[in-house]
Amino acid sequence: IALRAAADRATSLGSLAQAVTFLEQAAEVTPDPAERAELYERAGNAGRSGGRAAQGLRHYELAFDLLEQLGDRSGQARVAAFQGAALGALRRRDEAFTHLQAAFAEFEDLGDENPDLVVLMRWLVGVASLMDRHDVADPIAARQLAAAERLGLPDLAAAALLSRGQAALYAGRGWEARALTQGALELFEEAGDVESTLQAASLLATIVALDSPGKSVTVQRDALDLARRHGRRSTEALLVGNSSEDARRTGDWEWAEAQLAQLLEADVDPETSVMALGGVIYFRLYRGEAGIEAVDELRERLRSTSDPDLDASVADLQGVERYLAADWAAAVPHHLHAAEISPLNLPYILPNAGRVAVLAGDRAAAQSVLARMRRHGIRGRAISADLEVVAAGVLALDGDRDGAMAGYRHAMTAYRDLGLSWDEARLGLEAARVLGTDDPEVAAWAERSRVVFARLGARAMLALLDGVPDAAGTVAGDRVQRT
């Protein structure tokens, strides 16, 4: 009893690693197998939520074996669900999907009125949605939602709504995704489910970022505070990785790098901290502090995982490395590949592929991006501005300077209104590269870009800007050498 109480107190204080220790100790001295199974299950949940999913898997296995000995199939179904969740947290999505499908086939006969089967539905639907397997997720999500409503389980009803919101996002229905995710968030809060509340907040921030990355950062900052108070390291990692991408656009680099560094120092599974490593590499590339070897190191770290979203990060980083080497033609395929393999990241990465295609002089690729985004249908102020930059670049390639300038101006205004200083600076660089700087307005944009890049320490971007010739055909590097 004392060890249970200690575990409860540690959990309430957000010390999940300490809670695991107390639960392990309690299990070792408890003679009742049913009670031991419960304690190991709780230890598994604490480990998984605390960023130690590998440890959680070991505890779940102990719990599952005990429940099997007791003939408790309902409990087995529940623990099998948590095993799948742990595999997903370790970014082993293929394995998680296979495991959850097999468990669902084994325990489906328990019936939809069994709450533990509904828990298993939740995690199968969640992993299937992440893998874009909506042929599996959608029909089970409908059953899950109906069963949760009948049984009065708000957290499981909310989870079904969240999966539907994710499916809507992947399909380009951003408004539907936002409404479903907001509804799920409210239900999770009402149910007092902290971890699921954080997951819903993370998806909501992802959707909001299409319109306003700055608002997305605000949502994620609040969620990060909550995650850290409750020791939810696994969700903290997701929030840190995603918020660093949005903060890169708003120019809040110092804050983002501090969050990434804090996560890298945490005592968690390598698979939990790997998103932080990817975020750090983006900043190091732009600062001129790393090259392709850093991207290769990340790719090696991911060999034991099966997560297309992380694989997309590697491909996108490969594109950034080529971009910074001014090898834009080589960068485009990397960005296109990243967008293709990750439905979640497609609306964020694909417009960038179009911008790089313009720099490469590849009109066909840029037009293809615009057409693909029209078919996708997702919308928002930030993403609309991104696409305006691509369209303006296409006009520039066609020789329509006035049309290109009009498009660039409109996008520049949108970026300023949204507080996206990084995007302003990138636009100035790209416009200067495509149109030259004989136009005073473009020259002023380029100088503003120089100020932003210098403030952020983005030396690799400054080097690209230095390579833009002025009206006399002189590049900055030559001017510096002659003075």
Side-chain angles (χ1 to χ4, degrees), residues 213-214 248-253 285-288 320 322-329 331-332 351-363 366 370 381-382 384-483:
R248 196 163 64 238
R249 299 189 70 172
T250 61
D252 294 320
W253 286 26
L285 287 173
Y286 286 122
R287 293 189 191 283
V320 170
R322 287 294 82 204
Y323 175 98
L324 295 172
D327 189 358
W328 296 300
V332 172
N352 185 55
R355 295 174 72 159
V356 180
V358 168
L359 292 175
D362 189 342
R363 184 187 188 282
L370 292 171
R381 287 175 296 170
S384 293
D386 295 339
L387 294 174
E388 279 190 294
V389 176
V390 180
V394 170
L395 291 173
L397 294 177
D398 288 343
D400 184 355
R401 188 181 185 87
D402 291 341
M405 284 297 296
Y408 282 138
R409 284 191 200 102
H410 198 271
M412 184 68 82
T413 299
Y415 286 147
R416 285 176 179 164
D417 289 345
L418 290 168
L420 304 180
S421 58
W422 174 251
D423 292 277
E424 282 187 62
R426 276 196 61 190
L427 191 158
L429 167 62
E430 292 166 15
R433 280 280 177 179
V434 175
L435 296 174
T437 55
D438 13 350
D439 185 309
E441 188 172 10
V442 177
W445 290 346
E447 283 309 305
R448 166 66 180 161
S449 299
R450 187 178 302 281
V451 171
V452 172
F453 293 149
R455 175 177 65 82
L456 297 175
R459 290 183 290 275
M461 296 295 277
L462 282 170
L464 289 177
L465 194 58
D466 284 342
V468 178
D470 62 13
T474 306
V475 300
D478 291 339
R479 292 195 297 275
V480 169
Q481 289 171 13
R482 284 198 293 269
T483 55

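Computed from a prediction, not measured in an experiment: that's the story for all the values here.
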Notebook entry, point to check: Looking at Gly428 and Ser449, what are the two nearest heavy atoms and their distance?
Noted result: CA-OG, 3.3 Å

Check: Say you draw a straight line from CG of Leu435 to CE of Met405; how long is it, rounded to the nearest 0.5 Å?
Finding: 6.5 Å

Next item on the list: Please report the shortest heavy-atom distance between Leu387 and Leu370, naming the atom on each side.
Entry: O-CD2, 3.7 Å

Next item on the list: Using the side chain to side chain donor-acceptor pair (under 3.5 Å) rule, collect all pairs that involve residues 387-402, keeping only residues at least two apart or in two chains.
Entry: Arg363-Asp398, Glu388-His410

Next item on the list: Mind listing the closest non-hydrogen atom pair of Thr437 and Ala443 along with its distance?
Entry: O-CB, 3.6 Å

Checklist line | Spacing of OG belonging to Ser421 relative to CZ belonging to Arg249, to within rounding of 0.5 Å | finding: 11.0 Å

Notebook entry, point to check: Which heavy atom in Gly361 sits nearest to a heavy atom in Leu397, and how many Å separate them?
Noted result: CA-CD2, 4.0 Å

Check: Just checking, Arg426 and Tyr323: is the charged tip under 6.0 Å from the six-membered ring centre and within 45° of the axis?
Finding: yes

Check: Between Glu430 and Arg433, is there a salt bridge with N-O shorter than 4.0 Å?
Finding: no

Item checked: Partners meeting side-chain hydrogen bond (donor to acceptor under 3.5 Å, both in side chains) with Arg287 (sequence neighbours left out) -> Glu257

Notebook entry, point to check: Going through the distances and angles, do Arg409 and Trp445 end up as a side chain to side chain contact (heavy atoms under 4.5 Å, CB included)?
Noted result: CA-CA 10 Å; Arg409 284 191 200 102; Trp445 290 346; 3.9 Å; yes

Check: Does Asp327 have any side-chain hydrogen bond (donor to acceptor under 3.5 Å, both in side chains) partners at least two apart in sequence or in another chain, and if so, which?
Finding: Arg322

Next item on the list: Supply the atom-to-atom distance Asp252 CG to Leu456 CG, rounded to the nearest 0.5 angstrom.
Entry: 9.5 Å

Next item on the list: Evaluate side chain to side chain contact (heavy atoms under 4.5 Å, CB included) for Trp253 paired with Tyr286, printing each intermediate quantity in order.
Entry: CA-CA 11 Å; Trp253 286 26; Tyr286 286 122; 3.9 Å; yes

Item checked: Rounded distance (nearest 0.5 Å) linking atom CG of Asp466 with atom CZ of Phe453 -> 11.0 Å

Next item on the list: Please report the closest heavy-atom contact between Gly354 and Ala366, naming both atoms and the distance.
Entry: O-CB, 3.9 Å

Item checked: Atom of Ala411, atom of Val389 and distance for their closest heavy-atom approach -> CB-CG2, 3.6 Å

Next item on the list: Starting from the C-alpha separation in whole Å, work towards a yes-or-no answer on side chain to side chain contact (heavy atoms under 4.5 Å, CB included) for Asn352 and Asp386.
Entry: CA-CA 7 Å; Asn352 185 55; Asp386 295 339; over 6 Å; no

Item checked: Spacing of Leu418 atom CG and Asp423 atom CG [to the nearest 0.5 Å] -> 9.0 Å

Check: How long is the span from the CZ atom in Arg248 to the CG atom in Leu420, to the nearest 0.5 Å?
Finding: 12.5 Å

